[in-house]
Structure formats: C-alpha cells, structure tokens
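In what follows, a single structure is set out as structure tokens and then discussed.
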Amino acid sequence: MLLDNQYDKALLRRTLDYFSALTPWNRRLWRLGAVLELEELVEASKASSMRALSESAVKYLSGSLVARLKRDIGMGTDRERGTMIGYVNSNLTPGSHGTYALAKLIEGAKTAYLERWAQDIRTKNPNPEVASRAVASHMLDAGFSEDSLHRYLYYYAQHDENVYSFADLVEKLEELRRRPPITYTALVPTVTQPDPPQDHPHWFTASKAVEWLESWGFDIDPGLRLTGGLVFDLEARDVQAVLSSVAAEVSHLRARFRVGARKKLRFFNKVYVIGETKSLSYEQRPRRIDVHALESTSAVFDLNLPHELRSVLELLAPLDRGTPAAAVAGSWAAIEALFVGPGDTANRVIAASRMANVVACSYIRAELTSVANAYAEQCSDSLAAEIRDSADNLARTRVLEQAMRSDRSLRIPAVRDNLALERMYALVERPHEVIKGVVGQCEDAFRRLYRQRNLIVHAGDLTSIALSGTLRTVPPIVGAGIDRVFHNATSAGLSPLELSAKADVSIAGVMDNKRGLAQLLD
C-alpha cells in the first residue's frame, strides 16, 4: 500500500489519471516522453534527408526538445544533458558521427530514466505534475497499455501489504519495463475468407482452425461458424497491447483484401490467445474525439451546415476509429481546412499554432469549470454555496476565480481535484506564463500530427516510432479544438479564422483580461 503522505498521494493520483481511459481530455497526456521524442528526432532527420519532411519541421522538433532536455532530470546530469543538447542542435545526417553519438546517449537515458526520477522524487520532491507526466509517458511509450499499467500500479498502491513510497512504485515500474516483451500466439477466426494457399503457415482452413483451438483447450464461442483462421505471433508488453496489435493487423488485412481479392474477408470479432482461458474481444476503444457542441446546439441534425464544417466532420471521422493512415491524414486535413486562410498557402503548418491557441483557451474553461463544480460538490463553506447558487457553469467559474484571487488557502478534499485547483492557482497568479506553456504543449502535439501526416502522404511510411503515441495523445485535443469551432460557428456565427484570431488576441492580452479567464473565447 502507498505511504500515507499527501505528496505521494498526489503523485499516484495524477499518474493513475494518465493510465485511465475515463480521464477527461483536459487532464490527459498531450505529448510523448522525452526519450521517444529524441528517437523521433533521429527518425525525422532521416526523413528530411529523403525529402519526406522539411528542414523547418525538424528544426522545430529539435528546438522543442532542447527546451525540454534542459529541465528533464531523467535524461541525466547537467553535463550529460548539455552533451545531448549539443548533438540535438547539430546536423543529424543519417550515418553521421552525431547521429551515432545521439543514439548512444538515448540508449543510456532510456535505461536510467525512471531510476533518476525515483531518486529525485525520493530526495527533492519535484512538482507532482512534472514528475507524474515523465513517469507515465515513459511507460506508455515503452509499449504498455493504459489498462495494464493502471492495474499494476493500483495493486501495489492499494492491495500489497508492504508499504511503498511513490519513489518505490516508480522503481517497481522500472522493473516491469526491463522485462523483455512476451511473444504471444493468437488465432483470429474468419467467418468469410478466400481459399488460402495449401498448407499456409498462417492462414488456416476451417478444420485446421478447429483443430488448433481444441489442441489449446479453447471452447469455441457459441454461434461462431468459422471458415478458417489467421494465426500469428505477436511480440507485446501485455495482453491488452496484443489486442491492439490484432486490431491493427485485422484492419490492414481488411483494407488489403477489399481492393485485392474478389471474395470478402470477414473476421470474427474475438481472438483466441494462448495462455488465456477464453476468447477476447479486440475491438478498440474510440480515440476520444468528441465534438459535443454538435449535440448541444442541435447542429448534429442540421442538413444545411456550411460546406466547410460538413467537410471537416467527414475528414475527422476516421480519427475516432479509423486506420492510422486515415486517422492522421484526415484529422490534419480537417485542421488545415479550418485554420489555413488567405495568404497562408506557403506556411500551412500555421494551422497547428492557431489550433493550439483555441485549445489552450478551451483548456482553461474546462479546468476552471471542473474545479468550480468539484468545490461546490465537496465543500460546505459559503464559497461552495455561492458556486452552487450560480446560474450556469460560466458564472461558477467567475465566482471561483474571484475567490482564488483573494484567498490562497482554498482546498478541495479529493486529491485529483485539489491538484487541478493548484494548477488554476498558478494560472491566476501567472496567466501569461501558464497559458504559454499550454499553447506550447498543444502546438507540439499538432505539429507531431503534421509530421506524421507528411511521412504517410509523402513517403507512404506507416512505421514511424511516433505514430502510435500520436494517435494516443492527439485525438482528445483535436476534438476539444473542433468542438470550440463548432460551438462558436453555430452560436455566434464566427468563422474558424475569426475564432483563432480572437484566441490569439485574448492570449496576448491575458494580463489585462477583465471578463474572467474562462471567457477568453467569448
């Protein structure tokens, strides 16, 4: 169980948030870990030499990394990080001395990353927000599923009889990370398939698939009338990661057979994995792309939406459940359609900056609303009563913000909500600095989406090491930005470019804001 310590509880609560599918978009991870971003830089430099990415795209990534490396203690001592920064700033031509040297530094950082954070947490009590993000992103980037990490951490924190500090739990996570990936063997039954080549090692006939299932002790699902099956070996960190790989493979094969075979290929919706006692559904959760403004304004029923907005919805649809290629290409096309205007054709990546400003303003409103409602629900003082008596969410945020400006001692019982309250105190006290940081994280995420789009469109490359992480982190904030676009278009008649201009001006003048931080887009 976890040590009864407020600091350790804050670290645990925030890290578990990052491993939960139920965490709202404004409290999720928006970017990759530092180690994976360095590996992405090496990959991007190679793509640039092949003209799949522009030099400016690589330069932006390296500049973003330099700022990050300066403050990430997991990457080593000041001297080690300085050496790393020197190579990041150099010309990383594939096969060059600098590229090989950086690869060695990356490998060393990857091995010691969590150990360094555990030591810093144990001795220096770094900011829980920063430390939890570093730990969580490093584990997710290593290929573990959110569900398995949540269960693993929760078990030691709540059910193990031993008492652990959070630093001890970070070391437990490092032990898990060091275990080699497991090779899983799985069979996905087909319910319709073309006749496979005779004695194919992976494609089974119906009789051979039944024989395989029976030999491994599986009971065939009621109602399954299989015509064959696909057996393959998958190297993965956990069973949930296996299911993700199966879903991706099934999606690729469906697309291939759709255009390359006359007879349809249809898979059963469950997979049999050796070592499991029954079949498992491999259907993946949606990627959390939510545009609630369509329903709240009834625009979802509107047959006469502006052509621009109708096109965006069609482009955006694959981001929720589509293949990686369709998800990345379509979502960037949607962002570009909204935020590239007259005079921008030579600098289309400007759409990432404009989208980032809109999402940053939306983040502030979402967090202030969540904190105000949490305070009203969990506290019993006069402020809580005043918040409860307010007319709507916007009025509640104004009451809370005013109280925060005059009283630094407010607290909320739930650790998760109290952490959010502390983030909002930082916003109220240093609005320009905090918003700049939020905008920077969002822009990094959207520019990563743009780079992935270029790798897919210009190089046909679906093997990027950052592709999976991009589709894990970016969809919720894309949804948040598009939601604001639709809300303002349907309620105030603002075009996307007018909205981004308003966000830009509001952020620049945030120090002089008199209306309330939740109203930067109103």
Is the backbone N or O of [Y] less than 3.5 Å from a side-chain atom of [X], with the two atoms forming a donor-acceptor pair by type?
X    : Y    : result
Q284 : A247 : no
D141 : G33  : yes
Y154 : H159 : no
R451 : L53  : no
R348 : D344 : no
R237 : R177 : yes
D504 : S500 : no
R287 : L319 : yes
R31  : A445 : no
Q452 : V328 : no

What's the shortest heavy-atom distance between [X] and [Y], and which atoms?
X    : Y    : value
Y184 : A236 : CE1-O, 3.8 Å
A356 : V439 : CB-O, 3.7 Å
S132 : Y18  : OG-CE1, 3.6 Å
P431 : M511 : CG-SD, 3.6 Å
L280 : E276 : CD1-CG, 3.8 Å
T397 : A518 : OG1-CB, 3.5 Å

Report the distance from atom [atom1] of [X] to atom [atom2] of [Y], rounding to the nearest 0.5 Å.
X    : Y    : atom1 : atom2 : answer
L421 : D417 : CG    : CG    : 9.0 Å
Y87  : K104 : OH    : NZ    : 12.5 Å
R416 : L16  : CZ    : CG    : 8.5 Å
W25  : S362 : CH2   : OG    : 5.5 Å
E80  : I73  : CD    : CD1   : 11.5 Å
N373 : Q378 : CG    : CD    : 10.5 Å

S20/D17 under side-chain hydrogen bond (donor to acceptor under 3.5 Å, both in side chains): CA gap, chis, key distance, verdict: CA-CA 5 Å; S20 172; D17 276 348; over 6 Å; no
Chi angles and distances behind the side chain to side chain contact (heavy atoms under 4.5 Å, CB included) call for L2, Q158: CA-CA 7 Å; L2 185 70; Q158 298 293 332; 5.7 Å; no
S145 versus D238, side-chain donor and acceptor atoms under 3.5 Å: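 D238 vs S145: donor-acceptor pair found between side chains.
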No-hydrogen, no-angle side-chain donor-acceptor test under 3.5 Å, D72 and Y113: yes
Chi angles and distances behind the salt bridge (charged side-chain N to carboxylate O under 4.0 Å, His left out) call for R179, E175: CA-CA 7 Å; R179 296 177 191 172; E175 289 177 14; 5.5 Å; no
Take atom [atom1] of [X] as the centre, draw a 6.0 Å sphere, and report whether it contains more than 12 heavy atoms from other residues, nucleotides or ligands.
X    : atom1 : answer
R285 : CZ    : no
D4   : CG    : no
E55  : CD    : no

Among [options], the one residue meeting side-chain contact (heavy atoms from CB on, under 4.5 Å) with [X]:
X    : options         : answer
R28  : T473, T23, I477 : T23
S48  : T93, L61, V58   : V58
S165 : D8, L11, V170   : D8

So, [X] and [Y], do they make that salt bridge, N to O below 4.0 Å?
X    : Y    : value
R122 : E171 : yes
R448 : E40  : yes
K46  : D461 : no
R321 : E283 : yes

Mutual orientation of the aromatic rings belonging to Y450 and W332 [parallel < 30°, tilted 30-60°, perpendicular > 60°]: tilted
Y152 and Y156 aromatic ring geometry - parallel, tilted or perpendicular at 30°/60° bounds: perpendicular
Intermediate values then yes/no, side chain to side chain contact (heavy atoms under 4.5 Å, CB included), L36 and H138: CA-CA 8 Å; L36 185 54; H138 192 70; over 6 Å; no
Candidate pair D444 and Y60, rule side chain to side chain contact (heavy atoms under 4.5 Å, CB included), full reasoning: CA-CA 9 Å; D444 286 350; Y60 178 90; 2.6 Å; yes
Within 45° cone of F339 ring axis and under 6.0 Å: R354 NZ or CZ: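 The answer is no, since R354 fails at least one limit relative to F339.
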Partner residues of R411 under the side-chain contact (heavy atoms from CB on, under 4.5 Å) criterion, sequence neighbours left out: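 If we apply the side-chain contact (heavy atoms from CB on, under 4.5 Å) test to R411, skipping adjacent residues, the hits are R408, N418, E422, Y425.
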N91/S96 under side chain to side chain contact (heavy atoms under 4.5 Å, CB included): CA gap, chis, key distance, verdict: CA-CA 9 Å; N91 184 13; S96 67; over 6 Å; no
